[in-house]
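None of these values were measured; they are calculated from a predicted model. Here is the naming used below: chain letters follow the sequence lines, and residue numbers restart at 1 for every chain.
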Amino acid sequence: MRVRFAPSPTGYLHVGSARTALFNWLAARHAGGEFILRSDDTDQARGSDEYYRDVLDGLRWLGLDWDEGVEEGGPHGSYRQSERLERYQEVAEQLRDRTAAYLCFCSPEELDDRRRQAQAEGRPPGYDGRCRTLAGAESQARRAAGEAAVLRLAVPRPGETVFDDVVRGEVRFGHDHVEDFVLLRSDGTPTYHLASTVDDVDYGITHVVRGEDLLSSTPKHILITLAMGAEPPIYAHLSLLMGPDGKKLSKRHGDTALNAYREGGFLPEAFVNYVALLGWNFGDDETVFTRAEMVERFDLSDIQKNPAVFDNEKLIWMNGVYIRDLGADEFIARTLPLVEADLGRPLDEDERATYRAIAPLVQERMKLLTEAPAQVRFLFVEELEYDPASWHKVIVKPDSRAALEAAKARLGDLGEWTTDAIEQALRAMLEELELNARKGLQPVRVAVTGSSVSPPLFESLEALGPERTLVRLQEVLDGYDGQ
RNA sequence: GCCCCCAUCGUCCAGAGGCCUAGGACGCCGCCCUUUCAAGGCGGAAACGGGGAUUCGAAUUCCCCUGGGGGCACCA
């Protein structure tokens with residue numbers, strides 16, 4: 001099996017394309033075949049190097065390695081269509097020689113008029129084949145005279161193209177609805193249909209796995225393949241991804257660029273796992289599984305036909321699962337840079353030790369890597385910023401001042417600064433004041449961490465150390481008098 | 001306008017004639033655990049779009065309707 005992912009660098013890699021790439025990759029890995037990456041950049045004007053890099057970065061981030069193609073090389077040359085123009089022209093010439101294609105001199109304006117008219121009359125809007133009957137000699141003469149022309153495929157008429165789609169079953173298109181489409185533009189450059197098909201043939205692609213938006217173009221590709229004297233590949237058309245409103249996933253649903261997910265604190269493993277579930281299932285009732293398990297079970301023929309809505313909530317949940325599953329060192333390696341970026345400075349040795357100690361506790365209560373900084377910020381800043389809502393909810397309450405005073409007294413007398421000792425001291429404080437944990441401990445939490453949401457209190461205090469803990473308690477106590 | 005595709009809880013999937021009083025996951029709602037937030041445990045609400053047909057029997061087959069999606073370029 002040889003499959004390919006062939007993005008055109010006209011935009012950032014988005015989640016829909018990422019899913020197509022994943023399914024191609026899974027199919028190849030499952031079958032022990034090759035996954036090929038090609039750049040469909042025939043449209044020079046719209047492509048850009050930035051987008052091209054983004055695609056490669058995205059695939060690498062997801063761990064979808066390719067065996068052949070762009071940057072990787074292989075037996076077929078460049079794998080960038082912009083560098084294969086002569087080959088497409090060569091094929092085009094051959095097709096014309098065999099009268100499988102013909103020159104068309106109709107102007108864009110004429111074409112437009114006729115299309116409109118056809119539509120108004122309820123006929124298929126495709127090209128009417130006017131230039132198809134031009135004698136070869138006349139054709140040549142007009143071209144020699146410098147008249148602009150495109151090359152069109154002579155679609156067999158009457159006729160019909162039937163193929164067996166792996167996910168959709170038998171699909172048929174009557175040629176009444178397949179126009180004599182353009183292969184070569186008047187400037188001699190190939191259209192997508194030509195370039196893509198020639199590459200698929202040249203590269204020996206056996207399975208074309210792509211989005212459903214190309215389903216109705218498939219007859220064109222099959223016709224070109226046949227005209228080249230080659231055997232068409234097997235096709236598998238994936239249903240499209242939808243937004244929450246059931247419409248095709250697009251920018252108006254928020255950021256659909258893959259790199260937004262990377263920057264948003266998602267783990268590639270989680271993303272891959274989640275996306276694999278859109279239109280496919282593991283069997284059993286499992287929803288979380290490893291990449292190896294996925295590869296082992298994946299089968300194109302198990303893919304579902306109906307479109308799937310991309311559900312951020314479930315992705316976020318799954319990301320939490322994967323975060324909790326990370327080894328301690330791995331978790332630290334992935335979050336430390338975020339913490340440092342948040343602070344705007346690197347952590348020193350002691351601070352790193354502190355982070356290492358608290359990290360397992362924050363790991364349990366995160367769904368996105370990007371949540372880490374906020375959870376540990378109180379450990380590394382001099383000036384604590386208090387969350388206003390927490391302040392009003394907790395510090396302003398009647399019993400809070402007494403609790404803070406007592407807590408400060410007890411903690412100030414503490415011999416050893418350990419989680420256990422801190423817990424004992426504070427529990428004794430609760431007993432003394434006859435306060436429940438909520439009333440007595442929350443003020444301490446807010447005073448010391450700045451928020452009513454934090455890692456576990458006693459561990460947090462231990463990590464923060466006695467000096468800063470006492471200072472913060474005192475600062476809040478001072479504040480009461482100021483009010 | 002024309003062609004094509006699709007249709008099970010709000011969402012993602014399971015279900016390939018009787019195993020379905022339709023199963024799992026996310027989310028949601030309760031309860032438990034608990035110093036907060038999470039995590040975890042237990043429980044709950046929640047779906048076969050409608051109508052015909054075939055059959056002893058249909059979520060599963062067929063037809064129509066409706067709804068949704070995709071495509072119809074010298075874009076990819």
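Note that the NZ atom of A/Lys220 and the OH atom of A/Tyr192 stand 11.0 Å from one another [nearest 0.5 Å].
The separation of B/A46 from B/G40, taken at their C1' atoms, amounts to 24 Å, rounded to a whole angstrom. One P atom belongs to B/C19, the other to B/A73, and the distance between them is 49 Å to the nearest Å. Taking atom P on both nucleotides, B/G24 is separated from B/C63 by 33 Å, rounded to a whole Å. Nucleotides B/G15 and B/C4 have their P atoms positioned 28 Å apart, rounded to a whole Å. Atom name C1', nucleotides B/A59 and B/U8: the rounded distance is 7 Å, in whole Å. Across the C1' atoms, B/A22 and B/C13 are found 14 Å apart, a figure rounded to whole Å. B/U34 sits 41 Å from B/U21 when the P atoms are compared, rounded to a whole Å. For B/G71 and B/G52, the P atoms lie 36 Å apart once the distance is rounded to whole Å.
Across the protein-nucleic acid pair, A/Leu249 atom CG and B/G68 atom P stand 19 Å apart, rounded to whole Å. Regarding A/Asp180, its CG atom lies at a distance of 15 Å from the C1' atom of B/C72, rounded to whole Å. In this structure, CG of A/Asp165 is placed 13 Å from C1' of B/C6, rounded to the nearest angstrom. A/Asp41 places its CG atom 11 Å from the C1' atom of B/A76, with the value rounded to the nearest Å. Atom CZ in A/Arg365 sits about 11 Å away from atom C1' in B/U35, given to the nearest Å. Atom-to-atom, NE2 of A/His237 to C1' of B/A76 comes out at 14 Å; the value is rounded to the nearest Å. Look at CG on A/Leu238: it is 17 Å from C1' on B/G71, rounded to the nearest Å. Rounded to whole Å, the distance from CZ on A/Phe289 to P on B/G24 is 18 Å.
Remark: A/Thr42 is in phosphate contact with B/A76, judged by side-chain N or O atoms under 4.0 Å from OP1 or OP2. Contact between the side-chain N/O atoms of A/Arg115 and the OP1/OP2 oxygens of B/A73 is found at a separation under 4.0 Å.
Looking at which nucleotide of RNA chain B each of A/Arg152 and A/Ala118 is closest to, the 5′-most match is held by A/Ala118. The residue among A/Tyr192 and A/Ala120 whose nearest nucleotide of RNA chain B lies closer to the 5′ end is A/Ala120.
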Report, one pair per line, the protein and nucleotides 60-67 of chain B atoms (nitrogen or oxygen only) whose separation is under 3.5 Å.
none

Pairs: protein N or O with nucleotides 12-17 of chain B N or O, under 3.5 Å:
unit_1	atom_1	unit_2	atom_2	d
B/C12	OP1	A/Val309	N	3.0
B/C12	O2'	A/Leu277	O	2.8
B/C12	O2	A/Lys314	NZ	3.3
B/C13	OP1	A/Gly279	N	2.4
B/C13	O3'	A/Asn281	ND2	3.2
B/C13	O3'	A/Gln304	OE1	3.4
B/A14	OP1	A/Asn281	ND2	2.9
B/A14	OP2	A/Gln304	OE1	2.4

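At the heavy-atom level, A/Leu214 lies under 4.0 Å from base atoms of the strands shown. Across all strands, A/Thr191 comes closer than 4.0 Å only to sugar-phosphate atoms, never to a base (heavy-atom distances). Within the 4.0 angstrom heavy-atom criterion, no nucleotide atom of any strand lies near A/Arg210. A/Met318 comes within 4.0 angstrom of nothing in the nucleic acid, heavy atoms only. Within 4.0 Å (heavy atoms only), A/Gln119 reaches at least one base atom of the nucleic acid. Among the protein residues, A/Glu179 comes within range of the sugar-phosphate backbone only, with heavy atoms under 4.0 Å from sugar or phosphate atoms but none that close to a base. Note on A/Pro456: a base of the nucleic acid sits closer than 4.0 angstrom, heavy atoms only. Using a 4.0 Å heavy-atom cutoff across all strands shown, A/Val182 reaches sugar-phosphate atoms only and no base atom.
Searching all strands for a Watson-Crick or G-U wobble partner of B/C2 with both distances below 3.5 Å returns B/G71. The base-pairing partner of B/G40, taking Watson-Crick or G-U wobble contacts with both distances under 3.5 Å, is B/C32. Judged by Watson-Crick or G-U wobble contacts below 3.5 Å, the nucleotide B/U11 has B/A25 as its partner. Searching all strands for a Watson-Crick or G-U wobble partner of B/U55 with both distances below 3.5 Å returns nothing.
Proximity of A/Asp180 to A/Tyr102: side-chain heavy atoms (C-beta onward) are separated by under 4.5 Å at one or more points. Side-chain contact between A/Leu103 and A/Val150: absent, with no pair of heavy atoms (C-beta onward) separated by less than 4.5 Å. Between A/Tyr52 and A/Arg80, the closest side-chain pair of non-hydrogen atoms falls below 4.5 Å. A/Phe163 has its side chain out of reach of A/Ile234: every pair of non-hydrogen atoms, C-beta onward, lies at least 4.5 Å apart.
A cation-pi arrangement is absent between A/Arg152 and A/Phe181, since the terminal nitrogen or guanidinium carbon is not both under 6.0 Å from the aromatic centre and inside a 45° cone about the axis. Seen from the ring of A/Tyr79, A/Arg38 does not count as a face-on cation partner, given the 6.0 Å and 45° thresholds. The side-chain tip of A/Arg472 does not point at the ring of A/Phe378 from less than 6.0 angstrom away and within 45° of straight on.
Side chain of A/Gln442, nearest nucleotide from B/G1, B/U35, B/A76: B/U35. Among B/G27, B/A76, B/G1, the nucleotide with an atom closest to any side-chain atom of A/Trp317 is B/G27. Closest approach to the A/Arg168 side chain among B/U36, B/C6, B/A76 is made by B/C6 (side chain taken as heavy atoms from C-beta onward). Distances were taken from every side-chain heavy atom of A/Ser8 (C-beta onward) to each of B/C72, B/C37, B/A76; the shortest belongs to B/A76. Considering only the side chain of A/Lys367, B/A38 comes nearest among B/A38, B/C26, B/C74. Taking every side-chain heavy atom of A/Arg324 into account, B/G40 is the closest of B/U35, B/G40, B/C4. Which of B/U35, B/G69, B/C6 sits closest to the side chain of A/Lys305 comes down to B/C6.
Between A/Gln81 and A/Asp41, the side chains place no donor N or O within less than 3.5 Å of an acceptor N or O (distance only, hydrogens not considered).
Looking only at distances, no side-chain donor or acceptor of A/Thr197 sits under 3.5 Å from a matching main-chain atom of A/Ile224. Side chain of A/Ser196 to backbone of A/His193: no donor-acceptor contact under 3.5 angstrom is found.
Classification of the A/His237-A/Tyr235 ring pair by plane angle, with boundaries at 30° and 60°, yields parallel.
A ring-ring contact (aromatic ring centres under 6.0 Å, His included) with A/Tyr274 is found for one member of A/Tyr261, A/Phe310, A/Phe266, A/Tyr322 and no other, namely A/Phe310.
Looking at A/Ser454, its side chain has no donor and acceptor atom pair within 3.5 Å of the base of B/C37.
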